[in-house]
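Here the structure comes first, spelled out in structure tokens, and everything after it is commentary.
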Protein chains: 2
Amino acid sequence: MKRLLLIEDDEEFASLIHDFLAKRSLHVDICDDPFRALVTPLEPYSLILLDLGLPGMDGLEVCRELRKKSTIPIIISSARNSTADKVTGLQIGADDYLPKPYDPDELYARISSLLRRAHAFVDETPKKSFIVDTKAHDVLFLDHPLFLTEAEFEVASQLIKHNGNVVSKEQLLYDSPAISSMDGKSLEMIISKIRAKIKPYSAQDHIIALRGRGYRLVE
Amino acid sequence: MKRLLLIEDDEEFASLIHDFLAKRSLHVDICDDPFRALVTPLEPYSLILLDLGLPGMDGLEVCRELRKKSTIPIIISSARNSTADKVTGLQIGADDYLPKPYDPDELYARISSLLRRAHAFVDETPKKSFIVDTKAHDVLFLDHPLFLTEAEFEVASQLIKHNGNVVSKEQLLYDSPAISSMDGKSLEMIISKIRAKIKPYSAQDHIIALRGRGYRLVE
DNA sequence: ATTCATTTTAAACCTTTTTTAAAAAAATTT
DNA sequence: AAATTTTTTTAAAAAAGGTTTAAAATGAAT
């Protein structure tokens, strides 16, 4: 379910919008303070609905600041609906400017349209399959703990840390205290063990050997 | 200079818009016939401005058809400005709906905003057929991984790096650590292997031999 | 001290890559 | 057009590297 951030100080109106959009499968978080809005992490949100009539700070300024931080779609809604305001808002980085009062159906249509456009190209940040669980000294593959041993954990972490790039066997050994004493073949042994532990969760081999160069991890 | 397609039958109004946007470095082509609009090639255009009040065909239908063909940004403008019309227009695939009459400044602001959003992700650079994938130590040909071996990879990278220029056999050997020990014959062997791996994806031979001088890669 | 899990070593096995050699094809020269 | 040279392909041997198995060594926990 998509999440939207509504920046609006009119509590009653905000809750109206919240309820209306909830019925259309959009979750709305409300923020009534522009300063707090600017320190809110935006990652969870697909779109921001920004009202210009905010206490303490000019709404256009809020928009400018948001745009500095992020390319997230922004729809301004405002009772100030002179052409000059609209033009400034759009120039500043807003994607749409909806004069108040508006029909919530139109709002929803505009949100949908903008999300469609904005997401058409968005590089859906694929969630990482491998996560290092430092506390547990383990690795999670698609949220499944692999129950790696110390040696396995060190090698796996190295591969994960290198983020898909090739890591030479030498480097793998050198950077892993627990196994630096090993000879070449032992490393391959460990790789084999790690593979075996991933296998139940994936048909694909995620540890790719590059002959003569080392190993690399693929998502 | 960006080109826009204005689909509008009011000649006088269209020419007004044309002139106004020309001052802002946007070239507007005018089309007064919805049927002709639908057979016009859209590649030259960055955005379509569609008026709904067209003779012979429903404007919303035009929008629907355009959207079937292309993801080009579309702004509807119309004297029909009921919420229902707006919602339908946006639902159908339009990116914005601007009720007539409007201030041309607002039109320009909305065009800019939409172009900004729509082009934010567009890869302006003409895409190269051959891409070196350093992570995988492989080469992508039209996005297909070729699964090159180490020797093949080094030779292919050299050719790609030289960007279409001739590379002598000596240089190819010299600059590729992994194969510098080879004698003459092996290089030709490798070239042959690379060709074989490209073949499934292209009828053309992309590695051109220049007798006595070396090889060069063509897109 | 014994047990158990983990790490290390060693060996056999399997695959892929590189090399070699030679024949076929193509281009250039005579 | 024939001869010569260069390039391309084919096929097979040799080398290198990777994987897995099994067994021995280690070391911590009971």
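These values consider heavy atoms only, across backbone and side chains, with no hydrogens, waters or symmetry-generated copies. In the text below, chain A, chain B and the rest are named by the order of the sequence lines, each starting its count at 1. In this text, all values refer to a predicted model and were calculated from it rather than measured experimentally.
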Is any side-chain nitrogen or oxygen of B:Ser192 closer than 4.0 Å to OP1 or OP2 of D:dT9? yes
If the condition is salt bridge (charged side-chain N to carboxylate O under 4.0 Å, His left out), which residues does A:Glu61 pass it with, not counting sequence neighbours? A:Arg64
I'd like a list of close polar pairs between nucleotides 22-24 of chain D and the protein, N/O only, cut-off under 3.5 Å.
none

A:His162: side-chain contact (heavy atoms from CB on, under 4.5 Å) partners, not counting sequence neighbours: A:Gln158, A:Val167, A:Gln171
My understanding is that only residues two or more places apart in sequence, or in another chain, count here; which of them pass side-chain hydrogen bond (donor to acceptor under 3.5 Å, both in side chains) with B:His144? none
Just to verify, what does A:Phe20 make a side-chain contact (heavy atoms from CB on, under 4.5 Å) with, not counting sequence neighbours? A:Arg24, A:Pro104, A:Asp105, A:Tyr108
May I have all residue pairs that pass side-chain hydrogen bond (donor to acceptor under 3.5 Å, both in side chains) and include part of residues 6-16 of chain A, sequence neighbours excluded? A:Glu8-A:Lys100
Show each protein N/O and nucleotides 13-16 of chain D N/O combination with a separation under 3.5 Å, one pair to a line.
| residue | atom | partner | partner atom | Å |
| --- | --- | --- | --- | --- |
| D:dA16 | N3 | A:Arg211 | NH1 | 3.4 |

Taking side-chain contact (heavy atoms from CB on, under 4.5 Å) as the test, write out the residues that go with B:Leu42, two or more places apart. B:Leu5, B:Ile48, B:Leu66, B:Lys69, B:Ser70, B:Ile72
Can you list every side-chain hydrogen bond (donor to acceptor under 3.5 Å, both in side chains) pair that touches residues 131-141 of chain A, not counting sequence neighbours? A:His137-A:Glu150
Does a nitrogen or oxygen in the side chain of A:Lys169 sit under 4.0 Å from OP1 or OP2 of D:dG17? no
Who pairs with B:Val166 by side-chain contact (heavy atoms from CB on, under 4.5 Å), at least two apart in sequence or on another chain? B:Leu210, B:Arg213, B:Arg216
With sequence neighbours excluded, what pairs up with B:Arg3 under the salt bridge (charged side-chain N to carboxylate O under 4.0 Å, His left out) test? B:Asp29
So does B:Thr149 get a side-chain nitrogen or oxygen closer than 4.0 Å to the phosphate oxygens (OP1/OP2) of C:dT16? no
Terminal axes of the helix from C:dA1-D:dT30 to C:dT30-D:dA1 (five pairs each): angle between them, nearest 10 degrees: 20°
